[in-house]
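Input: a single structure, listed below in structure tokens.
A, B, ... follow the sequence lines: proteins, then strands. Residue 1 opens every chain.
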Number of protein chains: 2
Amino acid sequence: MFVSSTLFDMPDPTNPPERERTWQAGPVRVRVTLPKARRGDRPEPKERLTTERIVDTAMALMAEKGYDAVSMRSLAKALDTGPASLYQHVANRDELDQLVIDRIARRLEIPEPDPDRWDEQLKDVLRQMRDLFRDHPGSARAAMAQIPTMEGTMRAAEGIMAICVAGGISPQAAAWMCDLASLYVSAVGYEEALWAQRQNSTPAGEEPDHEAIDAEMVALWNQLPPELFPLLTRYSPELTAGDGHDRFEFAADVLVAGLAAVSEKYR
Amino acid sequence: MFVSSTLFDMPDPTNPPERERTWQAGPVRVRVTLPKARRGDRPEPKERLTTERIVDTAMALMAEKGYDAVSMRSLAKALDTGPASLYQHVANRDELDQLVIDRIARRLEIPEPDPDRWDEQLKDVLRQMRDLFRDHPGSARAAMAQIPTMEGTMRAAEGIMAICVAGGISPQAAAWMCDLASLYVSAVGYEEALWAQRQNSTPAGEEPDHEAIDAEMVALWNQLPPELFPLLTRYSPELTAGDGHDRFEFAADVLVAGLAAVSEKYR
DNA sequence: CCTGGGTTCGAACGGCGTTCGTGAATGCGA
DNA sequence: TCGCATTCACGAACGCCGTTCGAACCCAGG
């Protein structure tokens, strides 16, 4: 009824150039089944499930409808199967999250360390991380919901370490900075995801709309009782000033300047 | 069968001295029913449900068994009632989280700002916040799962603002620091809670055991493939050095020094 | 052609947050 | 003191969730 299927190895399609080494997983086995044309009504032979396909679909679903829309059940439905099927390829929900954020973190581009521009480079990496979380809505939630232990996550640490050490930061300070930086960036991403989810429960895949979020925050601050919070009231322009971007730039500045300042203390 | 009950107003038992103003909630109405002695077998008249009692129980449950052990159902069972009853006093799970972390944040003690010691004072507040999260396991999880908008949370901001401004930090930098600082501290608390939960699923209310957590982290770093992560391997002593406390002190140093460094830039 | 190991997946388990509707308790005006 | 309107308590149910069980199925090696 169907031509016989072929089985062959194929490089990881995620990040083609990065093929030198397979630390995490073996080569991906993809099974392609060519259906005899025009046999349309007969239920097509389902494409084989693979961890790849599962992670792909999870990311697509998360990008489209947010983290909470990705459950083992909804994911299975998107793959046109039952929830139990997923467990053959993914240990549990936790591991799925790990795989997703690992795949995302792999996109991080670590610049060639330049001692003269280490501070700008470090900020760039932070911005990149923030952007990755933004480009994959929901991923920050997944990142916070787990302890970072996989390859993609480690690349970020390796990169930060490289830049800092090149910049003359003491190894101890640089090492702890990896922690601090990635924790901060994921927290920002997580918080943004929360706001985005709350304010609208974004129905039709519209992007998070950071402006509306900021506006809502301003409104909240402005109705504080002045007797209880004199300073918050007095400085409410400053407290509500700037959007997420401005605040992030400020934080990046603080982190980098602070690192430079305390580096020697932790030599 | 029972003597008639009396009804009277009572000050909020949470924080007796702070009575000057009731912004959030009205006076608490407590109804005390004295059962006729020795009528023991008859089911005692259940104490009335109040938001207070619910929050108290939620905090106790969280402290004993962690955030995940607190569900509307388990909470109801602990209060010897059904889940539906809670909704008479608490809008939903989100609001419960808000109430809990608000109650906790209220314990924060803001020092009288001293311009000469603003940096130490700021670090103290950060430490205090961290300790509050630690003293109430699971609360950091609740804090991250919501957008901070309530009284207790605002007190932290007010305090940080006061210290910074007294220390000569520009209002704009101080304002954004409130954001940055509380985001960082809750992220730390959240991560600690995750580790604690993962490694053992702490059965019998034993405290989180930060040492074991740190040990597990060291083990993880030490099995990285050196070819892929040369720097992480080379500097693994630094990367795994120090416990949660050391890292927190480092972060506090970075934040405070960084704030001082960039303050003028954001005037 | 058989057989056995891996894959698929419907069904079910126990838990979740939340809502509905009933019935009891309560406080108030008469 | 007595109705009565209102508030409160709460069992039951709805529709989710992550995960497991076990039967059916596919297919490579004998």
Atom of Arg53(A), atom of Arg48(A) and distance for their closest heavy-atom approach: NE-O, 3.1 Å

Provide the closest heavy-atom pair for Ser139(B) versus Ile104(B) in the form atom of the first, atom of the second, distance. CB-CD1, 3.4 Å

Hey, does the side chain of Ser85(B) come within less than 4.0 Å of dA9(D)'s phosphate (OP1/OP2), counting only N and O? no

Could you state the [atom1]-[atom2] distance from [X] to [N], rounded to the nearest angstrom?
X: Leu75(A); N: dC16(D); atom1: CG; atom2: P; result: 16 Å
X: Asp97(B); N: dC16(C); atom1: CG; atom2: P; result: 14 Å
X: Lys77(B); N: dG17(C); atom1: NZ; atom2: C1'; result: 15 Å
X: Asp80(B); N: dC8(D); atom1: CG; atom2: P; result: 20 Å
X: Leu86(B); N: dT18(C); atom1: CG; atom2: P; result: 11 Å

What protein N or O atoms touch nucleotides 17-21 of chain D N or O atoms at under 3.5 angstrom, if any, and at what distances?
from, atom 1, to, atom 2, distance (Å)
dC17(D), OP1, Ser71(A), OG, 2.8
dC17(D), N4, Arg73(A), NH2, 3.4
dG18(D), OP1, Met72(A), N, 3.4
dG18(D), OP1, Arg93(A), NH1, 3.3
dG18(D), OP2, Met72(A), N, 2.7
dG18(D), N7, Arg73(A), NH1, 2.4
dG18(D), O6, Arg73(A), NH1, 2.7
dG18(D), O6, Arg73(A), NH2, 3.2
dT19(D), OP2, Tyr87(A), OH, 2.9
dT19(D), OP2, Arg93(A), N, 2.8
dT19(D), O5', Tyr87(A), OH, 3.3

Check this for me, if you would: do [X] and [Y] make a salt bridge, where the nitrogen-to-carboxylate-oxygen distance has to be below 4.0 angstrom?
X: Asp68(A); Y: Arg141(A); value: yes
X: Arg107(B); Y: Asp135(B); value: no
X: Asp102(A); Y: Arg106(A); value: yes
X: Arg103(A); Y: Glu52(A); value: yes

Is there a donor-acceptor contact under 3.5 Å linking the side chains of Asp179(A) and Tyr184(A)? no

Flag this pair as yes if the NZ/CZ of Arg130(A) is under 6.0 angstrom from the six-membered ring centre of Tyr190(A) and inside a 45 degree cone about the axis; otherwise no.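 Output no; distance or angle outside limits.
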
What's the angle between the local helix axes at either end of the helix from dC1(C)-dG30(D) to dA30(C)-dT1(D), using five pairs per end and rounding to 10 degrees? 10°

Do Val90(A) and Val55(A) have side chains that approach each other closer than 4.5 Å (heavy atoms only, starting at C-beta)? no

Dump the pairs, protein N or O against N or O of nucleotides 5-7 of chain C, anything under 3.5 Å, distances to one decimal.
from, atom 1, to, atom 2, distance (Å)
dT7(C), OP2, Gln88(A), OE1, 3.3

Return the CD to CG distance between Gln98(B) and Asn92(B), rounded to the nearest 0.5 Å.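 Here the interatomic distance stands at 9.0 Å.
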
Test log, rule salt bridge (Lys or Arg N to Asp or Glu O under 4.0 Å), inputs Asp97(B) and Arg93(B): CA-CA 6 Å; Asp97(B) 281 347; Arg93(B) 178 66 212 259; 3.3 Å; yes

